[in-house]
Structures are given as C-alpha cells and as structure tokens.
Undergrad: 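Below are the structure tokens for one structure; questions will follow.
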There are 2 protein chains.
Amino acid sequence: MDTEPPGRAPTALGDPRSDDKALGLLLASAHEAARSSLNAELRPLGIETRHFGILVTLDRAGPTSQRGLGALLGLDKSAVVRIMDELERLGLAVRKRAEHDRRAYAIELTTEGRRYARTSATAADEVSARLFGWLSPADRDRLVTLLTGILTRADDGSTGNEPNRS
Amino acid sequence: MDTEPPGRAPTALGDPRSDDKALGLLLASAHEAARSSLNAELRPLGIETRHFGILVTLDRAGPTSQRGLGALLGLDKSAVVRIMDELERLGLAVRKRAEHDRRAYAIELTTEGRRYARTSATAADEVSARLFGWLSPADRDRLVTLLTGILTRADDGSTGNEPNRS
DNA sequence: TATTGTTATACTCTATAACTATA
DNA sequence: TATAGTTATAGAGTATAACAATA
C-alpha cells in the first residue's frame with residue numbers, strides 16, 4: 001500500500017498546491033535531491049557536480065578564461081579558482097596563458113580531461129534519464145517556463161543582491 | 001523576438017528545453033534565488049529562512065519535539081539543535097520538557113515568537129506573491145506535480161549507491 | 001537496545017574583501 | 001582605473017559519528 005514518501009516530507013509544512021512555504025520547500029528538495037543524485041553517479045569517477053559543470057563547458061566551448069567559466073556557470077571567480085586547482089591536480093585541465101591578455105588564462109582540457117568530460121556526461125545522462133526522462137516535451141517546456149519565470153522574478157526584487165554582475 | 005534571459009544565464013550550458021545539465025542548473029538557480037529572496041525579506045526581522053520554517057511550523061502544529069521538527073522540515077537533528085539555540089537566544093521559543101518522555105522536549109513559541117511567526121509569514125507572503133503569484137492554479141498544480149515527480153525519482157535511486165554496511 | 005538531544009567535526013556552497021599583475 | 005586571478009575568511013547548509021540520559 002502507499003506509504004508516505006520516505007525521508008524528506010515536502011508537504012510537511014502544508015500542501016504545496018496552496019501553501020507557498022511548502023512550494024519553496026519542494027523546490028529546495030527537488031534541487032538538493034537532483035544534485036545529490038548527480039554526485040552519486042559521478043562518485044566512481046572521483047569528481048562532483050562542480051567539476052562536471054566546468055569539464056562539460058570546456059569540452060563544449062573550448063579554451064576559456066576563469067572569468068568566462070564563472071559567467072557561464074553562475075560561479076564566483078574565487079569558486080572557479082578552487083575548482084580549477086582541483087581539476088589541475090587531477091590532471092584534467094591546464095591553465096595556459098591567454099595570448100592576447102597576459103592577466104587571463106585560456107583553460108584547456110587535457111586528453112584525460114576530454115575523456116572525463118564525455119564519460120561523466122554519459123554518467124549524467126543516466127541520472128537525467130531517471131529524473132527528467134519521464135517528462136513529455138510539453139511537460140519539460142512548461143517546467144522550464146515556470147522555473148525561468150520564478151527565477152527572473154526573484155532576481156528582480158531581491159534587494160539588489162545581484163549575483164555575478166561582474 | 002526573444003532576447004536573452006537577464007542576469008544569471010541559466011541557458012549557459014545549453015538550452016534547458018533540450019539539455020539536461022542546463023535544466024539542472026535552472027532548477028538550482030531558481031531554488032537559490034527563491035531562498036535569497038526570502039532571506040532578504042526576513043532580514044529586517046533579524047531571522048532567516050531556517051528560523052522561519054521552525055517558527056511557522058510551531059505556530060501551526062503546537063509544541064513539538066526537536067526530532068519532530070526535523071522530520072517535518074527535512075532537517076537533521078543536529079541542525080535543529082543549532083537553530084533552536086538561536087531561537088531561544090532570540091527569545092522566540094523555549095525548550096520545555098515533554099511530560100510523557102523526559103528525553104524529549106516540547107518546544108513552544110513564546111508570545112514574542114508567535115508574533116514573529118505571523119509577522120514573518122506576512123513578509124514571506126510578499127515574496128511568494130512576487131515569485132509564485134503569477135502562476136495560475138493550473139500552472140501551480142503542474143509545477144508541483146513535475147517537481148514532486150523529479151524529487152521522488154531522485155530519492156529512489158540516489159541512496160542505493162551507499163555501501164552502508166551496518 | 002533504541003531513541004532524544006548534544007557536541008564535535010567536516011565538507012560544500014556562496015560571498016566578500018584585500019591583494020598582485022596586468023590592461 | 002579597471003580587470004583577471006589569488007588568497008583568506010566567513011556564514012550557511014548538509015552530514016556523520018560519538019556520547020549521555022532516558023525509554
């Protein structure tokens with residue numbers, strides 16, 4: 001018989017269909033669970049979501065500065081430094097100097113890094129298939145529209161707490 | 001006709017309508033922006049989202065044990081200890097001993113705590129109106145269904161990876 | 001033995017400020 | 001002056017393990 005969803009109880013504060021606090025909690029839970037799932041899938045590779053994002057971005061966009069990576073992924077520049085330190089120590093990416101601007105880097109994937117980018121993308125696909133695969137194209141489109149609407153409205157009025165406007 | 005989404009670039013990794021990684025990033029961004037908005041609104045009261053959740057829950061459910069609060073809000077018991085320390089220091093809640101179980105507390109709001117619970121709920125309503133008020137009942141229903149589906153599918157498979165031997 | 005709560009610890013994420021070297 | 005990157009630091013979220021008192 002149907003028991004309550006285990007562990008987390010997204011409706012604990014009320015019904016998210018009518019209760020804003022419960023809807024916010026549901027949003028938080030879905031995000032946290034999704035990230036946790038991806039981390040679990042990436043664990044055998046020895047990387048986590050933060051590395052994954054940069055690997056995939058570099059594999060896609062080619063050599064990029066740290067600031068560029070931060071802008072693409074919504075990360076602070078200091079966060080990119082830390083993640084890049086880890087990726088270099090893992091031998092997956094290298095900091096080469098940009099030719100035209102000696103302040104900046106042109107971050108490149110190593111051969112191993114490119115392999116990791118693709119292997120981890122495949123691993124991530126398995127998580128995605130489970131989490132998002134059941135969505136019809138219309139469902140998915142709707143979800144993106146709804147989330148984007150919430151995001152832009154939050155960013156509008158959040159007391160000038162602008163994220164990465166650098 | 002469509003220009004790029006402002007501020008954060010949730011589509012930086014790709015189009016979330018077709019790219020799973022971008023959809024995950026969008027989910028993260030929406031959550032983070034929502035929490036940030038609520039924190040900004042609660043700041044004048046001197047509390048944050050974590051206190052808000054407990055205040056509202058206590059105001060609604062009446063005296064509750066710490067473990068009960070954690071279960072309702074998806075918080076670890078050690079997290080509840082920390083938040084309760086803060087709420088007691090703020091004079092908003094008190095730890096009374098449960099009558100039937102001398103291990104447990106029956107956490108109660110103070111008069112001031114009840115006032116805070118309602119004032120902060122009103123403040124939260126303003127955030128909610130901006131973030132969620134534009135959703136039609138059908139939109140909202142759909143969003144809840146989609147997020148719940150993602151959450152349960154994530155919780156299903158992500159914890160099975162832990163070896164967790166005894 | 002199991003559970004409530006406490007403490008210690010640790011890792012992640014986010015954010016800021018101060019600093020360097022270039023531009 | 002402004003920008004790319006580095007470093008240090010801090011707060012918040014999440015999690016676990018060890019422990020005392022009680023069930």
Side-chain angles (χ1 to χ4, degrees), chain A residues 7-8 24-25 27-29 31-36 38-40 42-43 47-54 63-71 73-86 88 95-107 158-166, chain B residues 8 25 28-29 31-36 38-40 42-43 46-54 63-71 73-86 88 95-107 158-159 162-166:
Chain A
R8 255 181 266 243
L25 186 56
L27 187 56
S29 299
H31 162 221
E32 200 48 50
R35 167 151 59 186
S36 171
L38 181 55
N39 277 336
L42 293 175
R43 190 157 306 136
I47 62 174
E48 300 196 22
T49 301
R50 63 185 181 280
H51 312 105
F52 169 72
I54 292 203
T64 310
S65 69
Q66 289 188 183
R67 182 205 161 134
L69 289 171
L73 290 164
L75 297 170
D76 187 80
K77 57 183 180 174
S78 65
V80 179
V81 170
R82 179 171 43 81
I83 303 172
M84 271 309 305
D85 286 347
E86 295 169 344
E88 264 196 334
R95 285 164 159 125
K96 297 193 176 176
R97 279 292 164 190
E99 296 170 359
H100 57 294
D101 184 343
R102 286 184 354 220
R103 296 172 302 181
Y105 290 129
I107 312 273
S158 66
T159 58
N161 266 352
E162 301 294 306
N164 271 356
R165 195 69 63 166
S166 42
Chain B
R8 250 184 268 238
L25 186 56
S29 299
H31 161 221
E32 200 48 50
R35 165 151 60 187
S36 172
L38 180 55
N39 276 336
L42 293 175
R43 190 156 304 135
I47 61 173
E48 299 196 23
T49 302
R50 63 184 181 281
H51 311 105
F52 169 72
I54 291 202
T64 311
S65 68
Q66 289 187 183
R67 183 202 162 135
L69 288 171
L73 290 162
L75 297 170
D76 188 80
K77 58 183 179 175
S78 65
V80 179
V81 170
R82 180 169 43 82
I83 303 172
M84 272 308 306
D85 286 347
E86 295 169 343
E88 264 197 334
R95 284 164 158 126
K96 298 193 175 174
R97 279 293 165 190
E99 297 170 359
H100 56 294
D101 185 341
R102 285 182 358 219
R103 295 172 304 179
Y105 290 128
I107 312 274
S158 69
T159 36
E162 297 290 276
N164 205 4
R165 42 191 70 98
S166 184

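In the text below, chain A, chain B and the rest are named by the order of the sequence lines, each starting its count at 1. The structure presented is a predicted model; accordingly, all values stated were derived computationally and were not measured.
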Undergrad: In whole angstrom, what separates A:M84's CE from D:dA4's P?
TA: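 To the nearest whole Å, that distance equals 16 Å.
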Undergrad: Nearest to the side chain of B:D101, which nucleotide is it out of C:dT6, D:dT22, D:dT3?
TA: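 Of all the options, the side chain of B:D101 is nearest to D:dT22.
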Undergrad: Under 4.0 Å between a side-chain nitrogen and a carboxylate oxygen: does that hold for A:D85 and A:R95?
TA: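 Salt bridge flag = yes for A:R95 with A:D85.
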Undergrad: Would you kindly give the CG-to-P distance between A:L69 and D:dT6, to the nearest whole Å?
TA: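 Answer to the nearest Å: 12 Å.
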Undergrad: Within this structure, what is the CZ-to-C1' distance between A:R95 and C:dT22, rounded to whole angstrom?
TA: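 So the CZ-C1' distance, A:R95 to C:dT22, works out to 17 Å.
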Undergrad: If I take atom NZ in residue A:K77 and atom C1' in nucleotide C:dA15, what distance separates them, rounded to the nearest angstrom?
TA: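 Computing the A:K77:NZ to C:dA15:C1' distance gives 11 Å.
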Undergrad: Of all the heavy-atom pairs spanning B:R50 and B:E86, show the shortest one and how long it is.
TA: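 Looking at all heavy atoms of both residues, the closest pair is NE-OE1, 3.2 Å.
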Undergrad: Do any side-chain nitrogens or oxygens of B:Y105 fall under 4.0 Å of OP1 or OP2 in C:dT6?
TA: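 Yes, such a contact exists.
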Undergrad: Which nucleotide in the set C:dT7, D:dT22, C:dC13 lies at the smallest distance from any side-chain heavy atom of A:R82?
TA: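 The answer is C:dC13, which lies nearest to the side chain.
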Undergrad: Taking all atoms of both residues into account, what is the closest heavy-atom pair of B:L69 and B:T64, and its distance?
TA: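 Heavy atoms only, the tightest pair is N-CG2, 3.8 Å.
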Undergrad: B:A104 has a side chain; which of D:dT22, C:dG5, C:dA23 sits nearest to it?
TA: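 The nucleotide sitting nearest to the side chain is C:dG5.
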Undergrad: Could you state the CG-P distance from B:L73 to D:dT14, rounded to the nearest angstrom?
TA: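 Result: 11 Å.
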Undergrad: How close do B:T49 and B:R35 get, counting heavy atoms only, and between which atoms?
TA: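 Distance-wise, the nearest heavy atoms are OG1-O, 4.0 Å.
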Undergrad: Is there a donor and acceptor pair, one atom on the side chain of B:R103 and one on the base of C:dT3, closer than 3.5 Å?
TA: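 Donor-acceptor pair under 3.5 Å: yes.
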Undergrad: Does any donor-acceptor pair link the side chain of B:S78 with the base of D:dT14 at a separation under 3.5 Å?
TA: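 Answer is no: no donor-acceptor pair is held.
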Undergrad: To the nearest angstrom, how far is A:L25 atom CG from D:dG13 atom P?
TA: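 In whole Å, D:dG13 P lies 13 Å from A:L25 CG.
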Undergrad: What nucleotide among C:dC13, D:dT7, D:dA15 has an atom nearest to a side-chain atom of A:R35?
TA: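 Taking heavy atoms from C-beta onward, the closest nucleotide is C:dC13.
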Undergrad: Distance-only, no hydrogens or angles: does the B:S36 side chain make a donor-acceptor pair with backbone N or O of B:E32 under 3.5 Å?
TA: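 Such a contact is absent between B:S36 side chain and B:E32 backbone.
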Undergrad: Mind checking if B:D76 touches a base, just sugar-phosphate, or nothing, with heavy atoms under 4.0 Å?
TA: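 Touches a base.
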Undergrad: Specify the separation, in whole Å, of atom CG of A:D85 and atom P of D:dT7.
TA: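 Value for this atom pair: 7 Å.
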Undergrad: Just compare C:dT6, D:dA12, D:dT14 and give me whichever is closest to any side-chain atom of B:Q66.
TA: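 Nearest nucleotide to the side chain: C:dT6.
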Undergrad: For the pair made of CD1 in B:I107 and C1' in C:dT6, what is the distance, rounded to whole Å?
TA: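 For the pair B:I107 CD1 and C:dT6 C1', the rounded distance is 13 Å.
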Undergrad: Under 4.0 Å between a side-chain N or O of B:R97 and OP1 or OP2 of D:dA21?
TA: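 No, because none of the side-chain N or O atoms of B:R97 sits under 4.0 Å from OP1 or OP2 of D:dA21.
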Undergrad: Of the options C:dA23, C:dT12, C:dT6, whose atoms approach the side-chain atoms of A:R50 most closely?
TA: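 Output: C:dT12.
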Undergrad: With the side chain of B:L75 defined as its heavy atoms from C-beta on, choose the nearest nucleotide among D:dA4, D:dT14, D:dT6.
TA: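 Nucleotide nearest to B:L75's side chain: D:dT14.
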